[in-house]
Amino acid sequence: NVEPRSVPVFPWHSLVPFLAPTQSD
Amino acid sequence: SSLAPVPAPCNPSHFMKGAIIQLATGELKRVEDLQTQDFVRSAEVSGGLKIDSSMVVDIRASQQRPGLVSLHFNVGEQQSKVTIDVPPEHPFFVFGQGWSSCSPERTAQLYGLACHHLQVGDVCVSITLQQQLQPQQQKQPQ
């Protein structure tokens, strides 16, 4: 019997940059 | 059939064509099928995160890190200046256009993901924390 292969699922927010302005701004 | 690109250890596999992405609504979509509304809706549902519009204002080779590109953004309503160094193949989601990078050829080669060419003036999807209300701003319990 073939082991079911688990497919990784990624959260949506891992795809977009977190661009928080640095304090100096 | 063309061989599926193999994620090198340094290449994030969530950008690999066919990667399964879970939206805040619980819906599952492939990375190549995502649309602007998916990010906007997910931020609304997720509560603590906010979608910002980040306009690319300059693209140049990184001085500090050879091989990377420095992307200069104006972020959000405040137009805050943010600069990040990324590999040229790193994909960004551009409002109304979709995935874009500084080297679409390398993005296709490494991730199998079709991209537009990222340009100055493109407005990218970025996230930031939802501004917490100041205590005095919080509604008093009725």
Side-chain angles (χ1 to χ4, degrees), chain A, chain B residues 7 12-16 18-32 34 36 38-43 45-46 48-56 71-84 86 90-95 99 113 124-129 131:
Chain A
N1 55 340
V2 178
E3 279 291 311
R5 197 166 64 104
S6 66
V7 176
V9 174
F10 303 96
W12 67 277
H13 47 75
S14 61
L15 294 170
V16 286
F18 183 92
L19 295 181
T22 51
Q23 295 311 316
S24 59
D25 273 320
Chain B
S13 46
H14 45 272
F15 289 124
M16 296 301 288
I20 305 295
I21 308 303
Q22 180 155 38
L23 306 180
T25 54
E27 184 185 357
L28 299 178
K29 289 185 99 169
R30 295 188 185 287
V31 64
E32 63 268 25
L34 291 172
T36 304
D38 295 322
F39 294 103
V40 172
R41 180 89 189 101
S42 289
V45 168
S46 67
L49 295 174
K50 176 166 79 85
I51 290 287
D52 264 336
S53 301
S54 295
M55 178 178 283
V56 179
L71 295 180
H72 301 256
F73 291 97
N74 280 354
V75 178
E77 297 101 4
Q78 321 292 331
Q79 294 294 288
S80 306
K81 307 231 174 294
V82 175
T83 299
I84 54 173
V86 296
H90 188 97
F92 291 85
F93 200 91
V94 175
F95 279 95
W99 293 113
L113 188 67
C124 299
V125 174
S126 68
I127 53 177
T128 185
L129 293 178
Q131 291 302 320

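This one's a predicted model, so the numbers in the text were calculated from it and none came from an experiment. Below, chains carry the letters A, B, ... as their sequence lines are ordered, and counting in each starts from 1.
Interface remark: V86(B) contributes no atoms to any contact with chain A (heavy atom separation under 4.5 Å). Of the atoms belonging to L49(B), it is side-chain heavy atoms, and not backbone ones, that fall under 4.5 Å from chain A. Residue P8(A) touches chain B through its backbone alone, counting heavy-atom pairs closer than 4.5 Å. Both the backbone and the side chain of S42(B) come within contact range of chain A, judged by heavy atoms closer than 4.5 Å. Heavy atoms of S46(B) lying under 4.5 Å from chain A belong exclusively to its side chain. Looking at V9(A), the atoms closer than 4.5 Å to chain B (heavy atoms on both sides) sit in the backbone and in the side chain alike.
Between atom OG of residue S53(B) and atom CZ of residue F73(B) there is a gap of 12.0 Å, rounded to the nearest 0.5 Å. Going from atom CH2 of W12(A) over to atom CZ of F93(B) covers 12.5 Å, rounded to the nearest 0.5 Å. The CE atom of M55(B) sits 15.5 Å away from atom NE2 of H72(B), with the distance rounded to the nearest 0.5 Å.
Each of V75(B), N74(B), I127(B), D52(B) was compared with L19(A) under the side-chain contact (heavy atoms from CB on, under 4.5 Å) criterion, and only V75(B) meets it.
Proximity of the aromatic rings of F15(B) and H90(B) is defined here by a centroid distance below 6.0 angstrom, and this criterion is met.
Contact count against chain A (heavy-atom pairs under 4.5 Å) is highest for A24(B) among A24(B), A19(B), C124(B).
Qualifying side-chain contact (heavy atoms from CB on, under 4.5 Å) partners for T25(B), counting only residues two or more places apart in sequence or in other chains: L23(B), E27(B), R41(B), V45(B).
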